[in-house]
Number of protein chains: 2
Amino acid sequence: MSEPGFAPRPTLEAVAARAGVSRATASRVVNGSEGVRAPLVERVRRAVDELGYVPNQAARTLVTRRNDAIAVVVAEPETRFFTDPFFAQQVRGISRELTAHDNQLVLLLTEGTADYQRVGRYLAGGHVDGALIFSLHAEDELPALARRAGVPTVIGGRPGWSDDRTLYVDCDNRGGARDAVRYLLGLGRRQVAHIAGPLDQTASVDRLDGFRDVLPDADPRLIVEGDFTPEGGARAMTALLERVPDLDAVFVASDVMASGALRVLRTVGRRVPEDVAVVGFDDMVSVAEWTDPPLTTVHQDIEEMGRLMAGLLLRTLEPPAQGGAEPVRAASIVTPTRLVVRASA
Amino acid sequence: MSEPGFAPRPTLEAVAARAGVSRATASRVVNGSEGVRAPLVERVRRAVDELGYVPNQAARTLVTRRNDAIAVVVAEPETRFFTDPFFAQQVRGISRELTAHDNQLVLLLTEGTADYQRVGRYLAGGHVDGALIFSLHAEDELPALARRAGVPTVIGGRPGWSDDRTLYVDCDNRGGARDAVRYLLGLGRRQVAHIAGPLDQTASVDRLDGFRDVLPDADPRLIVEGDFTPEGGARAMTALLERVPDLDAVFVASDVMASGALRVLRTVGRRVPEDVAVVGFDDMVSVAEWTDPPLTTVHQDIEEMGRLMAGLLLRTLEPPAQGGAEPVRAASIVTPTRLVVRASA
DNA sequence: ATGAAAGCGCTAACAT
DNA sequence: ATGTTAGCGCTTTCAT
């Protein structure tokens, strides 16, 4: 299977020879350029089929400077990437969009900043036409790295700095959080707590801000920082229960953390939603529908966001349409959220 | 960030000029070849740094025929790929091994056979040096496709056909299943059922065979086929309960399915393990430790298998060591399993 | 509409 | 030890 030196792949040259045309014409046919007469097209096509010709991508890239591949860079320990369905759905959206445009997805996993150099080299090496960067914590230098490498980038989630040359796709975290808290209040809850995500990520901060928009005078003890894992959610819930034993509701910044919180609640015998109402965030179906009880949560269309990211990047890559009209500047996207009511609140 | 026509990346030529050497020497330094005198090496290094030179991969690939990239092809709806922690762990092992050898991972997701052509083109296009193929169902033509493309391949899981030119990495499914069933019997259980995986996959068949090795005369009604999802496990459990109400143990072919089965058991009020003992397969920690009760299961080192797959493939790719000795033929690998006892049995 | 020819940036013989 | 040179397979002017 790996015997070296076997059947070399046919080249364009071979196709041209077989079709009795020049390499240039063969190339035109292969790339679907206009202006090759039908019979020739036909002959070249046949030659391609007969030979099983497939263009050599390296050669093509060398001249076109196009890879038709984009990198997905995840600045998060691989553990979380694979454990958290959030990424899964996002990547799925991306993959779909890229595939639809004949682009490949190159996955670059980083296990801490030690890998950043490797990623930098890769991006600068011209392997990919663009990059999608994920899960940035404050001060993350991945985007800067991509910029230095001259690789167009779209970021997943609002970056910590503002600067409108940086494109990103995010959902309305703050608005979604407000909806969640208002809903809880509407239920008549009086002591609403919040389990936040890691506060070095904007999504966490935005959700916390939404919480505060509605409850500006909330007792600070009602707010605990988690880490987007079930264990973290469990720990946070335990802490909350200890500090504010009479809480009657909690808005958790992610479904995954909420699942951990629910577990703790069940363990200590608090009924959900009777004693404590719980609202999550994300609407990760695989989590929210399977918790006990099923989770009321803020829905965001994660897969769609992935698709949007890829679409935005691809658009950025397109040649600046030469119609005299000023090119429509690609812009960041913020998608809406909506509350999905299940049983936990 | 995407302004076209800005700072072209420096070429080797530029580095050579700046260092005052020939392109060849610059190349030697960049690639760490022996036999360049220290002062020159120094000068070239400096030029590289000053210019921020990074080799153009396309150009390099064109001549070396090496991509330093391998494809991971998953023959499974993306949904399952991202939902099932099994893949996650496997990919993680692969990613680690590849990274350690400076190889990139290109993820090729296929959503049904419609995508096979696309994958075939990609493999044949010479984008990657090899492929790792996953989750094959019977009659899957992905491996044939890779072979036609001339791309060395290692398969995850024993393929359905035998032919020892095909390399694969799998765990001892049959032995693990035997251990599980024997353990259940050792507990004094008399009516041991089995929830199998999809029987068009060898892993499922092998686990079922292990079950039968120990219980050759098991009532056929004790065996139900699932689909490696929690829902499938739940359905299978329900069916089992209906057919054989007095069953007192069940060996489930995957932890993920077992989680669904446990849910059903809880719902209908059977205590685990008192009324029904449950043993899973995989030891997917994120699942097995979090079920209620925690799952006794057959452990396989999934991440390690990923690593082994990548290692095996990389070895296949190496030039056939020129020491006169006959090259050690790379061989398929079967890893051991072991029972991990938690609370469910 | 088609062909000839000039590279894209790099590595690897081959010379020196 | 270093430089010269010939491609790798392809796209793309530029002629015709």
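Predicted model, so just to flag it, every value in this text is computed and none were measured. Just so it is clear: chains get the letters A, B, ... in the order the sequence lines come, proteins before strands, and each one is counted from 1.
Partners of B:D129 according to the salt bridge (Lys or Arg N to Asp or Glu O under 4.0 Å) rule, which considers only residues two or more places apart in sequence or in another chain, are B:R66. Listed by chain and number, the residues in a side-chain contact (heavy atoms from CB on, under 4.5 Å) with B:R18 are B:A47, B:E50, B:L51 (sequence neighbours excluded). B:V63 meets the side-chain contact (heavy atoms from CB on, under 4.5 Å) test with no other residue; sequence neighbours excluded. In this view, B:T335 and B:C171, B:M305, B:L308, B:I333 satisfy the side-chain contact (heavy atoms from CB on, under 4.5 Å) rule, not counting sequence neighbours. For A:R118, the salt bridge (Lys or Arg N to Asp or Glu O under 4.0 Å) criterion is met by A:D115, not counting sequence neighbours. Under the rule for a salt bridge (Lys or Arg N to Asp or Glu O under 4.0 Å), the partners of B:E303 that lie at least two apart in sequence or sit in another chain are B:R92, B:R96, B:R307.
A sub-4.0 Å separation between OP1 or OP2 of C:dA4 and a side-chain N or O of A:S22 is absent.
Applying the ring-ring contact (aromatic ring centres under 6.0 Å, His included) test to every pair with at least one member in residues 133-161 of chain B, sequence neighbours left out, gives no pairs at all. Sorted by first and then second residue, the side-chain hydrogen bond (donor to acceptor under 3.5 Å, both in side chains) pairs involving residues 33-44 of chain A (not counting sequence neighbours) form an empty list.
In the 5' to 3' direction, nucleotides of DNA chain D lying under 4.0 Å from heavy atoms of chain B begin and end at D:dA1 to D:dG9.
Side-chain contact between A:V74 and A:V72: present, with at least one pair of heavy atoms (C-beta onward) separated by less than 4.5 Å.
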Donor-acceptor contacts under 3.5 Å from residues 120-127 of chain B side chains, at least two apart:
residue	atom	partner	partner atom	Å
B:H127	ND1	B:Y122	O	3.1

- Query: Just by protein heavy atoms under 4.0 Å, how would nucleotides 8-16 of chain C read 5' to 3' in B, S and -?
  - Reply: BBBBBB---
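The end-to-end axis angle of the helix from C:dA1-D:dT16 to C:dT16-D:dA1, rounded to 10 degrees and based on five pairs per end, is 40°.
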